[in-house]
Engineer: 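One structure follows; several queries about it will come next.
We number each residue from 1, following the sequence as shown.
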Amino acid sequence: MSQIPATSGLLSAWLGPHKDVQRLQLATLLRSVGQGLALVDISLFLKELGWSGGAIGAVLALAGLLRTVLTLFTAELGRLLGAKRCLLLFEGLVLLGAVLAVFFSQQLVLDAAFMLSGLGGGHAGTGGPMAPIERRWLAAYDRKKTGHVYHTNALLSCAGLGAGCLLACLHVVWSGLLPGASGYRPLFLLLVALSAGSLVLLLRLQGGERKAPPPAVSQAEPAAGKKANDFALFAGMVLGALVIGGLFALFRRLGWHEVSLYAPIVLFLVLLLIPNLRLLVRRSGASGEAKRTEELKQLVTQLSGVAGGLTSTMTSYWFAVKFEASPGLIGVVMGLSYLAAGGWSYLAPKHAEKFGTVRVVVVLHLLAIACLLALPWTTSFWVAALLEIGCTACNLGTRGNRTAMLMEEAPRGKRSLIAKMNYVILRLGAVLWPGAFGKFIDAGRMVAPFCIIGGLQLLATYLFAGVYGKGRKPSPM
């Protein structure tokens, strides 16, 4: 009997002393296990049903787009429904998608199931639209700004993804009894159980009700000028997208396939540059410069997160093409990658306390870039597997540090239109990148996509060090 309080005390010290924090953390763990399982098996399941690679890529891309839109408006949804109801809604969609995958094989039903639930995504270990709601909820229990809850959350996310990827390989055990697509049904039943467990934990949360909106405050100055600037900015982005998209279509029509491979990359960079050109110019006055620095921090934080996630996207497909590796072997590599990332997340607070948060993030990202750039040149599967594990571990292992910094310095209030545009552009790039990656591989360009992502992450790391490193003291963890 004496062991029960000791175990409870250990759990409280690790997950957090408050019951709601523990439930949120455990719900994250169960959800991440399910996402890791879906990450490996959904594309294989659809392939067994006879879906083409284009159809599989399309439904996953549309699911990513929907997750992006929902994540963008989580603040508005939270004010409308309340944090708890939002979490229950999104987790309910995951449960519904898993149930439909168990009992149905029709393409239209599975399209709806995977698009609404977002299953098959989450390469960066995020919870999609649930992640910002959970972060804000956890922030209420991090008043001392230690960042412990964020590091634990990152550890559980990565560990859950790794465990899910390893569980996804279990279908080979009963593949003789349940051949083809039916061999994946038991795993979707497991996904149903995991999602149901997460839903029960969320139901037991206290609080999170819808809050009454603050009283309206009259605006002394008209907002016509601001709206005009926002409209001009949006129109410029649309015009730039149309011009470059038209050039891309022209190149393909003329047979310039080499140019058409890089046109989407150019489109992405131009769209990202247009709304942020003004950040290159220093502003007059202390308040103007402080606002510019804050906007730079938001951009760099978003860019760092997306660039880190892209390094692990489609590498499983690359392993299958270059080394003809089996899905089970690839699942093991992916599982070990996420488990290693969880290990880094566990060690990150100790390193940050000794060397400083910014320095730890920069060094780990540089190591990840080195692994990424070396990956396409290796001729051994096992060396490539070690490089992939190192790349994923160094990238995702910093998520707890970056989340703690983001929540510590995040401004209160609504995000600006430019911040929302940056979010949409970066997330759209992440959603559409697998298609571009696949075109490079199909064209025999095995090195180019790794160099592109390596260059993007190097830029993100350079900006991160420049923006966050100025005058920042090592933060205690």
Engineer: Which atoms form the tightest heavy-atom contact between Leu95 and Ala196, and what is the distance?
Structural biologist: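 Shortest heavy-atom contact: CD1-N, 4.1 Å.
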Engineer: Give the minimum heavy-atom separation between Ala340 and Ile389, together with the two atoms involved.
Structural biologist: CB-CG2, 3.8 Å
Engineer: If I take atom OH from residue Tyr338 and atom CG from residue Leu39, how far apart are they, to the nearest 0.5 angstrom?
Structural biologist: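 Tyr338 atom OH to Leu39 atom CG measures 5.0 Å (nearest 0.5 Å).
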Engineer: Quick check for you: to the nearest 0.5 Å, what is the distance between Gln25 atom CD and Leu155 atom CG?
Structural biologist: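 Interatomic distance, Gln25 CD to Leu155 CG, rounded to 0.5 Å: 9.5 Å.
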Engineer: Any side-chain heavy-atom pair from Leu187 and Trp174 closer than 4.5 angstrom?
Structural biologist: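 Of all side-chain heavy-atom pairs linking Trp174 with Leu187, at least one is under 4.5 Å.
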Engineer: Applying side-chain contact (heavy atoms from CB on, under 4.5 Å), run through Phe188 and Ile42 and close with a yes or a no.
Structural biologist: CA-CA 9 Å; Phe188 287 125; Ile42 280 183; 4.1 Å; yes
Engineer: Hey, is CH2 on Trp377 packed in by over 12 heavy atoms from elsewhere, all under 6.0 Å?
Structural biologist: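 No.
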Engineer: Between the side chain of Arg23 and the main-chain N/O of Arg204, is any donor-acceptor distance below 3.5 Å?
Structural biologist: yes
Engineer: Within this structure, what is the CG-CH2 distance for the pair Leu205 and Trp137, rounded to the nearest 0.5 Å?
Structural biologist: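 The CG atom of Leu205 sits 4.5 Å away from the CH2 atom of Trp137.
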Engineer: Got a second to check how far Leu202's CG is from Cys86's SG, nearest 0.5 Å?
Structural biologist: 11.5 Å
Engineer: Just so I know, are the side chains of Leu110 and Leu49 near enough to count as touching, which here means a heavy-atom distance under 4.5 Å?
Structural biologist: yes
Engineer: Let me see the working for Val332 and Cys169 under side-chain contact (heavy atoms from CB on, under 4.5 Å), right down to the final yes or no.
Structural biologist: CA-CA 8 Å; Val332 170; Cys169 304; 4.2 Å; yes
Engineer: For the atom pair OG1 (Thr378) and NZ (Lys322), what is the distance rounded to the nearest 0.5 Å?
Structural biologist: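 If we round to the nearest 0.5 Å, Thr378:OG1 and Lys322:NZ are 6.5 Å apart.
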Engineer: Would you please say whether a donor-acceptor pair under 3.5 Å links the side chains of Gln457 and Thr461?
Structural biologist: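 No - no donor-acceptor pair under 3.5 Å links their side chains.
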Engineer: Could you state the interatomic distance from CG (Leu161) to CG (Leu339), rounded to the nearest 0.5 Å?
Structural biologist: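 Taking CG in Leu161 and CG in Leu339, the distance rounds to 9.5 Å.
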Engineer: Evaluate the criterion side-chain contact (heavy atoms from CB on, under 4.5 Å) for residue pair Leu77 and Leu89; output intermediate values, then yes/no.
Structural biologist: CA-CA 11 Å; Leu77 287 172; Leu89 171 63; 5.9 Å; no
Engineer: Which word best sums up how the rings of Phe319 and Phe381 line up, parallel for under 30°, tilted for 30 to 60°, or perpendicular for over 60°?
Structural biologist: perpendicular
Engineer: For the residue pair Asn395 and Ala368, what are the closest heavy atoms and their distance?
Structural biologist: ND2-CB, 3.5 Å
Engineer: So Leu30 and Leu26, do their side chains get closer than 4.5 Å, heavy atoms only?
Structural biologist: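 They are not in contact (no side-chain heavy atoms under 4.5 Å apart), so the answer is no.
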Engineer: Does any part of the side chain of Arg31, heavy atoms only, come nearer than 4.5 Å to the side chain of Val94, both counted from C-beta?
Structural biologist: no
Engineer: Before giving the answer on side-chain contact (heavy atoms from CB on, under 4.5 Å), spell out for Thr152 and Val21 the whole-Å C-alpha distance, their side-chain angles and the decisive distance to 0.1 Å.
Structural biologist: CA-CA 11 Å; Thr152 302; Val21 175; over 6 Å; no
Engineer: Between Lys19 and Gln206, is there a donor-acceptor pair closer than 3.5 Å when you use the side chain of the first and the backbone of the second?
Structural biologist: no
Engineer: Mind checking what makes side chain to side chain donor-acceptor pair (under 3.5 Å) contact with Thr28, not counting sequence neighbours?
Structural biologist: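 Testing Thr28 for side chain to side chain donor-acceptor pair (under 3.5 Å), a comparison that skips the adjacent residues, returns Glu134, Asn153.
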Engineer: Over all heavy atoms of both residues, which pair between Cys158 and Gly342 is shortest? Give the atoms and the distance, please.
Structural biologist: CB-N, 3.4 Å
Engineer: So Trp318 and Phe323, would you call those rings parallel, tilted or perpendicular, with 30° and 60° as cut-offs?
Structural biologist: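 The rings of Trp318 and Phe323 stand perpendicular, inter-plane angle above 60°.
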Engineer: Might you point out which heavy atoms bring Ala38 and Leu191 nearest each other, and give the distance in Å?
Structural biologist: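 Taking Ala38 first and Leu191 second, the nearest heavy atoms are CB-CD2, 4.4 Å.
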Engineer: Ignoring hydrogens, what is the shortest heavy-atom contact between Ala83 and Ile133? Give both atom names and the distance.
Structural biologist: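 Ala83 and Ile133 have their closest heavy atoms at CB-CG2, 3.8 Å.
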Engineer: Going by heavy atoms in the side chains, are Ser105 and Glu48 under 4.5 Å from each other?
Structural biologist: no
